Structures are given as structure tokens and as C-alpha cells.
Amino acid sequence: MKEIPENFTPGIHNYDYEKEYLQPRLNAENLVNVSGRKLESLSGKWRFCADLYDTCRRQGWFRQERINLEGCEVPLDFDWESHEEIIVPSSWNLIKPQLYYFEGFGVYTRTFKYSPQEKGEHLLLHFEGAAYSATVFLNGKIIGTHDGASTPFNVDITDIVKSDNRIIVSVDARRSPFRIPMENTDWFNYGGIYRDVYLVSLPPAYIKDWFVRLDPKNTSVILADVYITDDVEAYGKIFIEINELGIRQEIQILDGRGEAKINAPLELWSPENPKLYDINLSYNNGSCVDSIKDRIGFKTITTKGQDILLNGKKIFLKGVCVHEDHFTLGKTTGEEIIRQTIRDLKEMNGNYLRLAHYPHDPRFARIADEEGVLLWEEIPVYWAIAFDNQETYDDAENQLSELILRDRNRASVIIWSIGNENADTDSRLSFMSSLARKARELDPSRLVSAACLVKHEKLLIEDRLAEHLDVIGINEYYGWYDPDFDKLQKLLENSNPAKPVLICEFGGDARLGHHGTETELWTEDKQKRIYEQQIETFKKCPYIAGTTPWILYDFRCPRRFNRYQEGFNRKGLIDADRITRKPSFYVMQEFYKTVNN
């Protein structure tokens, strides 16, 4: 047994203090689907302080111990009501200049009142996103810790909540070689509670999740899986209703789960016809009733040889990549920003977005459902992940699971991406092939891909991971990082993949308004010529099933500091102001205009 000195002071001598906060883990196993439910927002003004030494957790601020064992008042290093106000959701880096590059700990707190509406109800505390790790406390109790900046998490606080409550959240935005992503990325690591926080009231027994989709083998059949909370005896009746189709069907429950096959004369969802149906799910066990509503579109997405098929028909994915990065809001976004992004895509004659390099706001997929836009969604298994570390894999699998559980009812999502630009090693192959299996386990109705690197010396599309993918994603920057553009033609001629290929990234940097010759770096002229050459080459290749140039908007990146970049990646087709188009935008616009599906 380790000796503890008599003068040991936990708040300053305990290097293992973090262990206390890592259980329980808030992860996909706890996740409740809150779509279609009444949500009580906890957004708005919170109190906040930067906590450079993680003193909140080291000293247990959440306990608020003002009186010692001898009954004397002791000085505290915090004062909740004197801490500055901050708006939740927001990225703290853009709140004030002093936090512009801050990547440490920040402590949030606020109070709220609660009065139950029915006997025995459950109360969930639900977060849509907090970067990167969040430890949550309520009324002096540890709730748990969640890892992953961009996926949702929740916890049942029924046994802890009171009439008057104080919530405290310690958010850790540090980068680490063992996190997903690791410490070296090509975007800025915004910190904070940057997405919405809700209270969710639920009956004593409730619907935990549902998965409603089209049977890929029979487009006249709906498959429905419904999951009942597993902390009650699983009995009662579930009904699924689609009034527009005259459907009301009972779903039998067994061990907390019910499933059904429903014959229906469906109108299929597509970019040209983004048809959504109002779905009602109701549960009754005799003593309590629960119901939810959702809007779901039905489509199939499959592959055949080198083609991608939407509803059985070949489609070319006319897309662009986009980061969740706004010049005044950082990673925080809103409905109008999302809708403007989609308007910009459609102005370019596009039908598809790659949401890079992490899960974007959940509203994006819902709005894309309405607008008829196809989506690639991915997790940040980015560059040089610690592929041989089990905890790193667990983090990645959990983020993938939370993303899929969140968005698998969204018709717009067609591809789950499990990574980007990883070196082809044995440990990486094991890591990512396991993620591919997990994706198919949770959702066999969509395609699995990853953005891979080409073999530059062989000039070949070759990656051992491709065996485990439905679609091969390729990132290439011929004409920019490799100035010899002729290599792209040779690469495509040398390769003959048995699966569809998506060119996930290509392009080059251009500072808005900077002009010169077509060979001069950083000019709009050079960027435009790269796009023209890329498109000319793509048109000759039969197995390219879609393209997403890098990237729609210039975005913040702290690894790029020449006179043209000044802390931004300038590969955008549109400036960081999200308004001003560069000439390359119109090159892509004309290309997509000529592509017919």
C-alpha cells in the first residue's frame, strides 16, 4: 500500500486526481435519442472562468466546502457569481482577445429550477457538444465525464436534481496524442460548450431510440427498430403511425426491443424530391405513455461495381468539403448559417457535402433532409492517431457510435467516414477495419468510406483498408503540394479499383484578390488553373463517382502563417467572409452544370 504522508494535501499533491472523475463514463451506451421531444434549453448566460491548472477538479470546487471539519470558515479560490458571464453555446476563443489561442480548461456554472410534471418522471441533462472533454457536476455530485468534442451525450439526473440546482461543467480543450483527433491537426481547436444544452423530461418508462429506414432489398418495405429504456421491465405496446400512408402498426417488444416490417407504397427521397414523412411512435405499458414524432425520408444507397446508386440509379456526387468554422462564431453555428451553406452549394450546382473532419451540428442533417442535400459525415481519426492504443480506439468507436445513433434516421446521410489521411500501417488497418465493422453493425443501410492517401511513388490508388470500405475516398493535391500535375493522369490510368472512387480533396490556396500568372503560388489565377486541370482529368476517368474540392470557405488554421495565409487555410472557393467568391467557384459551378445523373 502506498504511503501517504501526514502532511499530504490532495489538492496539491495528488497526481492521480483525475481518476475520480472518469467514472461514470458518459458514452453511447447512455445516449437517449431526444429528436422530436420537448426540450427545455439551458442555453444563455452562464458564469465562466479559465482554469489553467484544472484547479476546479484538483481541489473539488464542486463540493463548495466552505466549512472545515473544525467548523471554521475557509477561504475558497472561486466565487461563482463574480466570474464573468459567457453565452452558451459559444466557442470561448472568440469571446475575448485573451482567449483567442486558449486551449486549456474552462469552468462553466449556472443554476436552474426544476419541478416535475408527473410522478416518477425521468430528467435528462443533454449536451450536443463540448470541446473536447467535459466533466459534469450537479448539486455537489460527480455526474461523469464525456470525451469527444462533437458528439452528443446525456445523463439521467433524476436521483440528484432538486427544486434549486447548480450545474458545474469543467471543459478540457487540450490536445493530446491519445485523443481523437490527436494534437496535430490542420484546423483550429476551438474550446468550450459550443453547442446547445437541454433538460429533457421523460415518463417513467420511455422510448430510448428508434431506427426507421427502407429495406434495401425491397423498396416497398419499411424496417423499424424501437428500443425501450432498459431500467424498467420491458412490456407494453408500441405503435408506429405514418398517417399519410394510412399506417398504424403494432410492434412487439422483446427484451426492451421491438422490430417490424411494414409494407408501404413509398415516394422515395432524393435531391430532386426530398420527400419526408411524419412518423409517430407511441408506447404504453398500462401505467405510463410515451410518444415521439420524427420526419423521415426513405431511400437506398448502394454500390455496383464502380458506381454509386441512389434508389437504384447511378448518381455522380457533385460536392464540396466544408468545415464548421465561422469568422465570428468559431465552431458554433446556427440554422441560418447552415441554410446559407446549402444555398452556396446549390448555387455551385452541387448536391452533396463532405462535412469535415468531425461530426457537425445535428441541425445540419435535418436541414439537409429538407433541402435535398446528400451528406458524408465523419469522425476525426485524422493523420497520425495512436492506432496501437486501446483507449484511443475506444474513444474513436464511441464517437462513431454517438454520431451514427444521432443521425441514422436522416435520409440525407449516405456515407459514414471512419478517417482521413492515415499512413497504411498494420495497427491502422486493424483500428480502422474495426471501426468499419462497428459502423455496419449500427447501420447496415449506408456506405462506409475513408479519405485515403495515394501511393505517390507507385502513382497508384492502393490502400489495404479499401477491402473494408464500400467507397474509396482519395485526397490528392497535384498541381499544388506536388507541382507535377501530369502525375494525376498517370495515377488514374495506373489504377483500376473494383469500387467507386470519390476524390475527397483537391485544390490549392489563393488569397482573395491576389493575382498574377497561372504559375504563381497563392494567386487566384493559379488556383483557377489547378481546378481547370483537375476537372479536365476527372472527365476522362470512368470510375470517379464524385468530387469534393477542398474547401468551400477559407477557415482558421494556426499552422499556416505566411503573408498570404495569416493563420488561415486559403483553399476556399469562397473567402472567410462566406460571401466573396473566387474564380474557382465558378469553374466548379460550370463543371457541375455539365454533369448529368
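Just so it is clear, the values below take in all heavy atoms, side chains as well, and ignore hydrogens, waters and symmetry mates. Given the structure is predicted, the values throughout are model-derived calculations rather than measurements.
- Taking every heavy atom of both residues into account, Glu402 and Leu26 meet most closely at OE2-O, 4.2 Å.
- Of the charged side-chain nitrogens involved, none lies within less than 4.0 Å of a carboxylate oxygen, so that Arg578 and Asp344 do not count as a salt-bridged pair.
- A distance-only check finds a donor-acceptor pair linking the side chain of Ser449 to the backbone of Val471 [under 3.5 Å].
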(request) Output, in order, the C-alpha distance, side-chain angles, deciding distance and verdict of side chain to side chain contact (heavy atoms under 4.5 Å, CB included) for Met588 and Ile535. (result) CA-CA 8 Å; Met588 289 305 303; Ile535 289 168; 3.8 Å; yes
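- Side-chain contact between Gln534 and Thr547 is absent, with no heavy-atom pair separated by less than 4.5 Å.
- Ring pair Trp187/Tyr382: centre-to-centre distance below 6.0 Å.
- To the nearest 0.5 angstrom, Asn420 atom CG is 11.0 Å from Thr185 atom OG1.
- Phe387 does not carry Arg428 over the face of its six-membered ring by the limits of under 6.0 Å from the centre and within 45° of the normal.
- The pair Glu532-Arg529 meets the salt-bridge criterion, since a charged nitrogen lies less than 4.0 angstrom from a carboxylate oxygen.
- By the 4.0 Å N-to-carboxylate-O rule, Arg570 lies too far from Glu524 to be salt-bridged with it.
- Between the Asn569 side chain and the Asp554 main chain, no donor and acceptor come within less than 3.5 Å of each other.
- Between Pro152 and His146, the shortest heavy-atom contact is O-NE2, 4.0 Å.
- Within the 4.5 Å cutoff, the side chain of Ile385 has heavy atoms near those of the Met182 side chain.
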(request) For Asn475 and Trp550, run side chain to side chain contact (heavy atoms under 4.5 Å, CB included): C-alpha distance rounded to whole Å, both residues' side-chain angles, the deciding distance at 0.1 Å, then the answer. (result) CA-CA 9 Å; Asn475 292 357; Trp550 188 265; over 6 Å; no
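- Residues Ser417 and Arg354 bring no donor and acceptor atom of their side chains to less than 3.5 Å of each other.
- Judged by distance alone, the side chain of Ser412 and the main-chain N or O of Ala368 form no donor-acceptor pair under 3.5 Å.
- Taking the ring centre of Tyr358 as origin, the terminal cationic atom of Lys331 falls inside the region bounded by 6.0 Å and 45° from the ring axis.
- With Arg37 contributing its side chain and Leu202 its backbone, the two residues share no donor-acceptor pair below 3.5 Å.
- Rounding to the nearest 0.5 angstrom, the gap separating the CD1 atom in Ile308 from the CD1 atom in Ile415 is 5.0 Å.
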(request) Given side chain to side chain contact (heavy atoms under 4.5 Å, CB included), test Gln489 with Tyr478 step by step and report yes or no. (result) CA-CA 10 Å; Gln489 182 68 41; Tyr478 293 107; over 6 Å; no
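- Side-chain atoms of Asp196 do not come within 3.5 Å of backbone N or O of Glu128 as any donor-acceptor pair.
- Within the 4.5 Å cutoff, the side chain of Glu259 has no heavy atoms near those of the Phe211 side chain.
- Counting all heavy atoms, side chain and backbone alike, Thr151 lies closest to Pro359 at CG2-CG, 3.7 Å.
- The shortest non-hydrogen separation linking Ile472 to Pro497 is CD1-CB, 4.0 Å.
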(request) Please lay out, stage by stage, how Val381 and Gln399 fare under the test side chain to side chain contact (heavy atoms under 4.5 Å, CB included). (result) CA-CA 10 Å; Val381 178; Gln399 289 187 45; over 6 Å; no
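- Rounding to the nearest 0.5 angstrom, the gap separating the CD atom in Gln249 from the CD1 atom in Ile242 is 9.5 Å.
- Using a 4.5 Å heavy-atom threshold, the side chains of Cys452 and Leu469 count as touching.
- Contact of the Ile544 side chain with the Leu492 side chain is registered, since non-hydrogen atoms from C-beta on lie closer than 4.5 Å.
- Listed here is the closest heavy atom pair of His468 and Ala436: O-CB, 3.7 Å.
- Centroid-to-centroid, the aromatic rings of His357 and His323 come within less than 6.0 Å.
- Side-chain atoms of Asn154 come within 3.5 Å of backbone atoms of Val32 as a donor-acceptor pair (strictly under, hydrogens ignored).
- For the 3.5 Å distance criterion, the side chains of Asp325 and Tyr190 qualify, holding a donor opposite an acceptor.
- Glu335 has a carboxylate O that lies under 4.0 Å from a charged side-chain N of Arg339, or vice versa, which qualifies the two as a salt bridge.
- In summary, Arg446 and Glu377 do not engage in a salt bridge, as defined by a charged side-chain N under 4.0 Å from a carboxylate O.
- To the nearest 0.5 Å, atoms CG (Leu268) and CZ (Phe298) are separated by 10.0 Å.
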(request) Using the salt bridge (Lys or Arg N to Asp or Glu O under 4.0 Å) rule, take Asp225 and Arg257 through it: C-alpha gap first, then chi angles, then the decisive distance, then the call. (result) CA-CA 7 Å; Asp225 296 311; Arg257 177 185 174 187; 3.2 Å; yes
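- Using the six-membered ring where Trp is involved, Tyr531 and Phe506 have ring planes that are tilted, between 30° and 60° apart.
- In this structure, the side chain of Arg363 does not engage the main chain of Ile338 through any donor-acceptor pair within 3.5 Å.
- With rounding to the nearest 0.5 angstrom, the CD1 atom of Ile279 is 13.0 Å from the OG atom of Ser35.
- Salt bridge present: Asp482 and Lys487 bring a charged side-chain N and a carboxylate O closer than 4.0 Å.
- The shortest side-chain heavy-atom distance between Val322 and Leu355 falls under the 4.5 Å cut-off.
- The side-chain contact (heavy atoms from CB on, under 4.5 Å) check on Asn280 picks up Glu241, Asn243, Lys293, with sequence neighbours excluded.
- Using a 4.0 Å cut-off between charged nitrogen and carboxylate oxygen, Lys438 and Glu441 count as a salt-bridge pair.
- Here the side chain of Lys490 pairs no donor or acceptor atom with the backbone of Leu459 at under 3.5 angstrom.
- Heavy atoms only, all atoms of each residue included: Thr332 and Pro89 are closest at CG2-O, 4.0 Å.
- A distance of 6.0 Å separates CG in Leu245 from CG in Leu266, rounded to the nearest 0.5 Å.
- For the pair Tyr352 and Trp376, the minimum side-chain heavy-atom distance is below 4.5 Å.
- Side-chain N or O atoms of Ser495 include none that pairs as donor or acceptor with a backbone N or O of Leu460 at under 3.5 Å.
- No side-chain donor-acceptor contact under 3.5 Å links Lys208 to the backbone of Asn30.
- Under the 4.0 Å criterion applied to side-chain N and carboxylate O atoms, Arg410 and Asp294 are assigned as salt-bridge partners.
- Within the 4.5 Å cutoff, the side chain of Tyr132 has heavy atoms near those of the Arg179 side chain.
- Environment of CD in Gln340: crowded, with over 12 heavy atoms of neighbouring residues, nucleotides or ligands closer than 6.0 Å.
- Phe316 does not carry Lys318 over the face of its six-membered ring by the limits of under 6.0 Å from the centre and within 45° of the normal.
- Between Glu505 and Lys571, none of the side-chain N atoms (NZ, or NE/NH1/NH2) sits under 4.0 Å from a carboxylate O, so this pair counts as no salt bridge.
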